[in-house]
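Remember, it's 1-based here, ligands and their atoms both numbered in the order they're listed.
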Amino acid sequence: MRILDYIKIFQKYTNSFLFVDNCESLNENIRLKQKHSLRVFKNASDIAKSINADDKFLFIAQLCGLFHDIGRFEQFSKYKTFKDDESIYHGALGVEVMQKERFLKNETQETQNIVFDAIYNHGLIDIERKNKASLLFSKITRDADKIDIFKIVAKYYREPGPRNIALEYGLENSDYISDIVLDNFYQEKMIDKKDLKTLNDFKLMQIAWIFDLNFEYTKNIISEKSYLNAVVCSMNIPETKWIYDKINQSLAKGLAASG
Ligand SMILES: [Fe+2]
């Protein structure tokens, strides 16, 4: 099967979650995840091409990007939220969905396992399934996802308009930032969602993802598009300049090996 066949399978499955009762706000959430998945598919392709992938590698990277959030649809339909800590980890649910629906039944078991690992790993603080065959694909998927999330949040903070509680994780918009969050950021560590108390904490958690990027391609695109400037600008705190410096240093720092 070609990648276009899989895009059709993805669309057919995810369209089945559009609610028949015309509830636009619920449908909108499903559509957002459909569009996000297709952009992550494209980002994963571009990252794979940037490391001179062959056709087979490119195809698997595309499958990982396309299906990485497949668990989001069942998650939203069951729990009406995308918050994993209030429902279920969507990466684990995604693997279950892939196995139940047998979308990849025409691919080898090895390819299936790689895609399952990438889906499982993509939303964790750290990669857990470190199989030799799948590790690079997990890294591609994580970077591809982050590029799109940065794009979405940059657009959100650049354009004045109604606030979207889902994009702000429902957190209070105060000038306060938690010590543990600042501390982790200073040490270039990932920030755990359980430590978030304010919207500034949440923004810094997203910015800290730059310490966990795996490919030059990703760093370059985030720098080029200045995705993080808009986020930092929207934080009314004295540490802004220091955060900018950390971002620029990290994006300018070369990677030991792109995968
Ligand atoms: Fe995603």
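- Among the backbone and side-chain atoms of Asp145, an N/O/S atom is found under 2.8 Å from the Fe ion (ligand 1).
- Geometric assessment of Lys203 against the ring of Tyr157 yields a positive cation-pi assignment under the 6.0 Å and 45° thresholds.
- Judged by the 6.0 Å distance and 45° axis criteria, Lys33 is positioned over the aromatic ring of Phe82.
- When distances from the Fe ion (ligand 1) to the N, O or S atoms of Asp69 are compared, OD2 comes out shortest.
- Thr141 and Ser138 form no side-chain donor-acceptor contact under 3.5 Å, judged by distance and modelled atom types alone.
- For residue His122, no N/O/S atom approaches the Fe ion (ligand 1) to within less than 2.8 Å.
- For the residue pair Ser87 / Gln75, a side-chain donor-acceptor distance below 3.5 Å is found, with atom types taken as modelled.
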